[in-house]
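These numbers come from the heavy atoms of this one structure, side chains and all, not from hydrogens, waters or symmetry mates. We count residues from 1, following the sequence as given.
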Amino acid sequence: MRWLGCVALGVVLWCVTPADALADKRVALVIGNGVYTKAPRLPNPPRDAHDVAAALKRIDFDVIRGTDLDRAGMQDAIVRFARAAQSADVGLLYYSGHAMQFKGVNYLMPIDAKLDDEADLYRFTKVDDVLGYLQQAKALKILVLDSCRNNPLAEALKRSIGLTRAASLPRGLARIEAPIGTIISYATQAGQTAVDGKGRNSPYTTAFLKHIEESREIGGIFRDISSDVYRATGQTQLPELSLSIVDKFYLKGPVFVTANLPPHPTPVDRSVVAPPLPPARPPRAPPRAQEVGPAAGPATAPSQPTPVDRSMVAPPLPPARPPRAQEAAPATVMKSAQLVSPCGGSRQTSRCWTRRNRGTPCSHRQRLCNSC
């Protein structure tokens, strides 16, 4: 029967698992479009997508990555992400490449897109559609758009739609209000354009890669990303952040231990379980000052005092006698005089009168006159 106890102990230990073993499910869609066929090429987005996907994998994201996607490739990647987000706790979409807005609606641009007229916008991907798929994640949704480059196709669209409607095609992207539980981060402010950068990554992606793996709250991470971009671009590009979260979220943090006990405890064989230890004995109370002999009973005093055998109690000591120099008869008045002591010695003594017989010298038969 001893093996049953070992099995029960193993079940309890198995139920106590680290938090990372029971961690939330995270999915991410990372797209970097740079090799455009009908627009200027962008060198950084493919490298941005590669580096961002590697960083997200290191913090436990299942990443769907696509670079230089045409219209069909973008649709396929978004469909895969939409299905994965249905069972995810955290969803993240990162897009780097050309994008534009028209009538307040933001569009992501595949590499084979053309824009001869307004109808060609149906070949683009609406950001609102992607954001809708992202909302399927249960806990946290993150949308990152490093895509506000100056789009020359917008100028062609302006010419095709005429000057009267060109006002509906401003620069950059339109601002989106983040739904509850969502973070939306733009590479720059609404209506502004962002630079592609001269290094391996864009200024925004450089800051994103610097902070995204830090063990800090996600809101603080994105605020630091915005600050770094603003300083790196000489205060010309300020990322815009729309944050609508209530709780604190950590994409990377310390590991805690969580106990998930089964609903019904497993029966344990009592024959292999050690008996409980006896309760600790309270300390003995110190003996009473009047008692002599064996120590008294338990520390708690009984309701009635225990009778004491008087024969066993030592008599009280007599009070200490004060020094003679300080003694005086209670009804005696002292006066100093130069007398001859009855003891035979001449010394400075006192002549005594009692209240009964005032003026009568006291008689002394002692050798030394202690009273006078």
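Nearest heavy-atom pair, Lys252 versus Glu213, reported as atom, atom and distance to 0.1 Å: CD-O, 2.9 Å. Arg65 and Ala53 get closest at one heavy-atom pair: CD-CB, 3.4 Å.
Between the side chains of Asp112 and Thr37, not a single donor N or O lies within less than 3.5 Å of an accepting N or O.
Tracing side-chain contacts under 4.5 Å through hydrophobic residues (I, L, V, M, F, W, Y), one reaches Leu209 starting from Leu92; they form part of the same cluster. The cluster map of Ile, Leu, Val, Met, Phe, Trp and Tyr, joined by side-chain heavy atoms under 4.5 Å apart, puts Val79 and Val63 in different clusters.
Clustering of Ile, Leu, Val, Met, Phe, Trp and Tyr side chains at separations under 4.5 Å places Leu238 together with Tyr230.
By the 6.0 Å and 45° rule, Arg26 stacks over the aromatic ring of Phe61.
Under the 4.0 Å criterion applied to side-chain N and carboxylate O atoms, Asp228 and Lys210 are assigned as salt-bridge partners. Salt bridge status for Arg200 with Asp51: present, with a side-chain N to carboxylate O gap under 4.0 Å.
By the 4.5 Å heavy-atom criterion applied to side chains, Phe124 and Arg71 are not counted as neighbours.
Not a single ring-ring contact (aromatic ring centres under 6.0 Å, His included) links Phe249 to another residue, sequence neighbours left out. Under the ring-ring contact (aromatic ring centres under 6.0 Å, His included) criterion, Tyr94 pairs with Phe208, not counting sequence neighbours.
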